[in-house]
Amino acid sequence: MAAYHERTKHHYYRYAAAPDYLDWATQPDPFRRYQGAPLIRLPLPAPGQARPYWGLHVSGSLTPTELSVDSVSLFLRYALSLTAWKRFGETTWSLRANPSSGNLHPTEGYVVLPALTAIHDGPGVYHYAPKEHGLERRSDMNSSEWTALTAGFQDCLFFVGFSSILWREAWKYGERAFRYCQHDVGHALGTSSFAAAALGWKLFLLDRTEPAFTSRLLGLDRDQDYAGAEREHPELLAVVVRDREAAPPGIYLSQAMLGQRVASRWYGKANPLSGEHGVNWPVIEQVAAATESPTVAADEDFTSFPSEEELFEPPVRSGACTAEKVILGRRSAVSMDGSTAISSVTFFRMLARLVPTRDRRSMPWDSVSWRPRIHLGLFVHRVDRLSPGLYALARDPDKIEPLRQAMRSEFLWSRPQSCPRGLPLYLLQEGDCRSLAAKVSCGQSIAGEGIFSLGMIADYKASLAARGAPFYRNLFWEAGLVGQVLYLESEEAGIRSTGIGCYFDDAVHDVFGISSRDWQSFYHFTVGGPVEDSRLTTLPAYNTDSDRPARS
Ligand SMILES: Cc1cc2nc3c(=O)[nH]c(=O)nc-3n(C[C@H](O)[C@H](O)[C@H](O)COP(=O)(O)O)c2cc1C
């Protein structure tokens with residue numbers, strides 16, 4: 001796994017191994033379907049839902065919605081649905097609520113639901129079909145199985161599962177693809193956490209669940225359903241509960257709870273996504289296998305973290321946008337204008353959203369059990385009343401000193417003026433770092449022409465030593481969660497952002513003077529004033545309900 005990380009670094013002098021050219025003939029279908037599985041088309045939620053965006057971040061501020069076909073539909077609309085079709089000339093492509101590296105969408109989503117009117121008269125396992133905004137019933141479950149599955153949780157509503165089709169990313173990105181698949185899972189975990197929050201529910205990652213359990217529950221281990229089709233790798237399971245107090249951190253599902261599922265009835269066969277596969281990248285399967293055994297959860301202590309009042313002075317209990325506008329309007333900027341600036345108040349608020357609070361009620365950080373392992377090395381270009389330069393955000397206050405030790409000794413580590421006292425943000429070095437930011441992000445100008453960009457520096461070696469090799473995935477998921485918060489915060493602030501998977505790993509370390517392999521750059525991001533591409537036409541994600549049969 002450490003060898004995988006090293007060999008998939010991009011360097012100035014050599015990119016990680018990838019196809020020499022894009023073989024369009026084998027481009028994977030972005031839509032998995034299970035042919036033969038009953039499809040339930042979900043009613044499209046009426047636009048104009050009034051819940052405020054700020055309410056998503058403050059646990060308990062929104063009243064829980066009843067579980068029904070309509071609320072499941074809204075959950076999936078916000079978590080994984082299409083948000084638009086784009087057209088350029090003869091070519092059309094779709095965008096989704098969850099972003100994806102290269103828009104290739106390796107993440108497949110599942111829900112395990114109880115009996116629900118207008119869905120099915122018994123519990124079942126469903127694959128989400130985003131193009132149809134529908135649920136494919138993969139398997140029936142009897143009520144005693146459902147009871148066994150939900151026994152550990154009070155007020156359990158349903159389960160969410162994710163798998164990755166690694167080939168979708170490998171087709172374009174070769175060996176580095178495993179990293180991108182994990183980032184995408186992190187983003188999807190983020191969209192799902194926010195979708196649950198928008199309904200007044202709470203999503204918790206079941207982080208000790210064995211991958212074999214996930215495979216069995218979701219049917220990913222059924223060889224007969226994938227003949228000639230790309231396999232899906234189990235990623236994670238999460239539970240959605242009505243009451244956040246009902247599921248303490250560190251909860252998981254065990255094999256015993258799935259005892260009776262062997263005899264279940266299954267429906268559908270997976271569609272092949274590419275006629276044939278070009279180059280194979282065996283190292284991807286190897287790293288997937290090496291990071292698959294169950295992780296050991298430890299309930300970590302958050303008492304040294306700031307309170308909401310210390311992070312946000314004063315707490316943010318109002319805002320410009322509805323949750324719907326932010327979630328469905330989220331887009332990546334394809335280019336930045338090089339001129340838009342934001343106030344330091346907005347900048348501090350965006351960063352404060354990335355730090356968990358002491359009471360463990362800040363979203364989406366209370367969906368996962370571990371303390372932050374991802375810290376930020378920032379390239380700040382245009383924030384009013386803040387010097388341009390390099391900054392550091394230690395997302396865990398206890399990591400300020402270790403980061404200071406790991407980074408360049410001449411860095412200033414001074415506190416920016418008017419920075420909220422609970423926000424662990426430090427100025428490292430003043431100066432114009434626009435071209436440096438673009439240079440280390442594979443020369444992408446979006447990193448230099450935005451308001452700020454950043455490298456996510458993982459507390460890599462210590463985390464893996466403490467939590468084991470499978471936690472490699474969690475580091476990417478956490479980076480994806482950080483990215484998802486930045487995407488949404490940018491929408492709220494009237495600007496845009498973009499995930500950056502292409503960066504020169506060790507060059508980023510050099511910028512911050514990190515010479516030890518203990519810390520590794522895991523993801524990049526840029527935030528700024530977008531420039532829209534006026535050559536593109538935007539079309540609605542879905543036809544209206546009147547054109548859509550309820551079932552097919
Ligand atoms: C993990 C990840 C890595 C990405 N890397 C880049 C990148 O290096 N450069 C870039 O311009 N966009 C990058 N993007 C943005 C995607 O291209 C974008 O999410 C995708 O085209 C879908 O568009 P949307 O975000 O507007 O839905 C990345 C996105 C993700 C999630």
Side-chain angles (χ1 to χ4, degrees), residues 8-10 15-16 18 22 27 30 78-88 91-107 130 162 164 166 168-170 172-174 176-191 235 326-336 374 437-450 453-456 458 473 475-488 490-491 495-505 508 521-528 530-533 536 538-539 541:
T8 55
K9 285 180 172 176
H10 286 329
Y15 281 86
L22 283 185
Q27 184 181 15
Y78 286 174
L80 299 170
S81 75
L82 304 191
T83 50
W85 286 89
K86 291 277 176 184
R87 183 187 293 155
F88 178 64
T91 316
T92 53
W93 65 95
S94 56
L95 298 175
R96 305 190 192 187
N98 53 319
S100 167
S101 183
N103 204 22
L104 296 166
H105 288 284
T107 316
F162 291 129
S164 288
L166 304 174
R168 280 216 184 103
E169 289 285 322
K172 181 171 181 186
Y173 295 113
R176 205 166 154 103
F178 181 77
R179 297 182 178 207
Y180 298 155
C181 289
Q182 301 309 315
H183 283 134
D184 282 12
V185 169
H187 279 286
L189 181 61
T191 56
E235 293 289 0
V326 167
I327 291 171
L328 298 182
R330 182 210 62 80
R331 294 276 186 286
S332 294
V334 286
S335 126
M336 298 289 191
I374 298 285
K439 189 174 158 197
V440 298
S441 289
C442 294
Q444 301 187 70
S445 57
I446 45 172
E449 291 177 353
S453 67
L454 55 96
M456 300 191 196
R473 295 181 190 235
L475 293 176
F476 285 107
W477 299 351
E478 186 183 322
L481 285 171
V482 168
Q484 195 57 32
V485 172
L486 288 172
Y487 265 127
L488 299 186
S490 301
E491 295 294 328
I495 48 179
R496 287 245 139 102
S497 51
T498 307
I500 297 186
C502 189
Y503 57 88
F504 298 116
D505 301 61
V508 181
S521 179
F522 258 57
Y523 194 12
H524 270 215
F525 232 79
T526 181
V527 176
V531 180
E532 301 298 338
D533 187 341
L536 305 188
T538 304
L539 304 163

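Counting starts at 1 for both ligands and their atoms, following the listed order.
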Give me the pairs of N or O atoms, one from ligand 1 and one from the protein, that sit under 3.5 Å apart.
from: ligand 1; atom 1: 5 (N); to: Gly499; atom 2: O; distance (Å): 3.1
from: ligand 1; atom 1: 5 (N); to: Gly501; atom 2: N; distance (Å): 2.9
from: ligand 1; atom 1: 8 (O); to: Gln444; atom 2: NE2; distance (Å): 3.1
from: ligand 1; atom 1: 8 (O); to: Gly501; atom 2: N; distance (Å): 3.2
from: ligand 1; atom 1: 8 (O); to: Cys502; atom 2: N; distance (Å): 3.4
from: ligand 1; atom 1: 9 (N); to: Gln444; atom 2: OE1; distance (Å): 2.7
from: ligand 1; atom 1: 12 (N); to: Gly499; atom 2: O; distance (Å): 3.4
from: ligand 1; atom 1: 14 (N); to: Gly499; atom 2: O; distance (Å): 3.0
from: ligand 1; atom 1: 19 (O); to: Ser100; atom 2: N; distance (Å): 3.4
from: ligand 1; atom 1: 19 (O); to: Ser100; atom 2: O; distance (Å): 3.4
from: ligand 1; atom 1: 19 (O); to: Ser332; atom 2: OG; distance (Å): 3.3
from: ligand 1; atom 1: 25 (O); to: Arg330; atom 2: NH1; distance (Å): 2.9
from: ligand 1; atom 1: 25 (O); to: Arg330; atom 2: NH2; distance (Å): 3.4
from: ligand 1; atom 1: 25 (O); to: Ser332; atom 2: OG; distance (Å): 2.5
from: ligand 1; atom 1: 26 (O); to: Ser332; atom 2: N; distance (Å): 2.8
from: ligand 1; atom 1: 27 (O); to: Arg330; atom 2: NH2; distance (Å): 2.8

Any donor-acceptor N/O pair, Thr526 side chain to Thr498 backbone, under 3.5 Å: no
SB check Arg331 Glu532 (cutoff 4.0 Å): no
Salt bridge present between Asp505 and Arg176 (N-O < 4.0 angstrom): yes
Residues forming a ring pair (Phe, Tyr, Trp, His ring centres under 6.0 Å) with Tyr503, sequence neighbours excluded: His524
Member of Phe178, Tyr180, Phe522 meeting the ring-ring contact (aromatic ring centres under 6.0 Å, His included) criterion with Phe476: Phe522
Exam field: side chain Arg330 to backbone Leu488, donor-acceptor pair closer than 3.5 Å: no
